[in-house]
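Scroll down for the structure; my scribbles are underneath it.
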Amino acid sequence: MKNIMIILIAFLSFVCCKDTEKIFYTAKFKNVNAGSAVLETTNNLNDELIEIYFSLKTRKVIDVFYKLRDRISAQIYSNDYSLKTIKKT
């Protein structure tokens, strides 16, 4: 019975889990902390697509000169890494 529960839990974790990675960046301009950026990838193990999200945000002090609030999302095929969609908001 214990082995069946372990196999069931392992199977469900492969079926419904997503593999996600996040990388955080600090954007600098002439040694001044200008903002932050996040690069995130999500790979659904059952799907053929990889989703990539990139967001960039400047600090309020820098917003006075140049305000950036970008979010880019892209979907690529996992078999040949060709681009399916890209969207900037």
Side-chain angles (χ1 to χ4, degrees):
M1 183 69 177
K2 187 176 182 180
N3 291 338
I4 294 173
M5 291 298 290
I6 292 172
I7 293 171
L8 181 63
I9 291 171
F11 176 73
L12 289 175
S13 67
F14 285 120
V15 169
C16 64
C17 291
K18 289 186 177 183
D19 187 21
T20 303
E21 293 183 38
K22 276 188 181 182
I23 302 173
F24 297 93
Y25 295 97
T26 301
K28 290 189 176 186
F29 179 73
K30 294 188 178 183
N31 281 338
V32 176
N33 187 1
S36 61
V38 178
L39 178 65
E40 179 181 354
T41 62
T42 304
N43 185 6
N44 191 346
L45 298 177
N46 294 330
D47 202 4
E48 63 201 27
L49 294 176
I50 298 173
E51 297 177 6
I52 300 172
Y53 300 102
F54 182 76
S55 61
L56 175 68
K57 179 180 176 184
T58 53
R59 291 180 43 207
K60 291 189 178 191
V61 174
I62 305 298
D63 284 347
V64 174
F65 304 107
Y66 194 76
K67 185 176 182 177
L68 285 175
R69 299 286 188 271
D70 286 337
R71 180 152 175 89
I72 301 169
S73 61
Q75 292 182 336
I76 60 172
Y77 293 105
S78 61
N79 56 356
D80 61 353
Y81 299 108
S82 61
L83 185 65
K84 180 183 178 187
T85 62
I86 190 165
K87 183 178 179 181
K88 181 179 176 186
T89 56

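Everything numeric here is computed off the predicted structure, so don't read it as measured data.
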Quiz item: Is there a side chain to side chain contact (heavy atoms under 4.5 Å, CB included) between Ile52 and Ile76 once you walk through the steps?
Solution: CA-CA 8 Å; Ile52 300 172; Ile76 60 172; 4.0 Å; yes

Quiz prompt | Pairing residues for Arg69 by the side-chain contact (heavy atoms from CB on, under 4.5 Å) criterion, not counting sequence neighbours | solution = Lys57, Thr58, Asp63, Lys67

Quiz prompt | Phe65: side-chain contact (heavy atoms from CB on, under 4.5 Å) partners, not counting sequence neighbours | solution = none

Provide the closest heavy-atom pair for [X] versus [Y] in the form atom of the first, atom of the second, distance.
{"X": "Leu56", "Y": "Ala37", "result": "CD1-CB, 3.9 Å"}
{"X": "Ala74", "Y": "Leu83", "result": "CB-CD1, 4.2 Å"}
{"X": "Asn33", "Y": "Ala27", "result": "OD1-O, 3.4 Å"}

Practice problem: Find the distance between OG (Ser55) and CD1 (Ile72) and round it off to the nearest 0.5 Å. | Solution: 9.5 Å

Exercise. Can you measure from CD1 (Ile50) to CD (Glu21) and round to the nearest 0.5 angstrom?
Key: 10.0 Å

Exercise. List, by chain and then residue number, the residues other than Phe24 in its hydrophobic cluster (Ile/Leu/Val/Met/Phe/Trp/Tyr, side-chain heavy atoms under 4.5 Å); write none if there are no others.
Key: Val38

Practice problem: Could you tell me whether the side chain of Lys22 reaches within less than 4.5 Å of the side chain of Leu39, counting heavy atoms only? | Solution: no

Self-check item: Flag side-chain contact, heavy atom, 4.5 Å: Arg71 against Tyr53
Solution: yes

Self-check item: Residues in side-chain hydrogen bond (donor to acceptor under 3.5 Å, both in side chains) contact with Tyr25, at least two apart in sequence or another chain
Solution: none

Practice problem: Quick one: which residue pairs count as a side chain to side chain donor-acceptor pair (under 3.5 Å) with a foot in residues 76-88, not counting sequence neighbours? | Solution: Gln75-Thr85, Asp80-Ser82

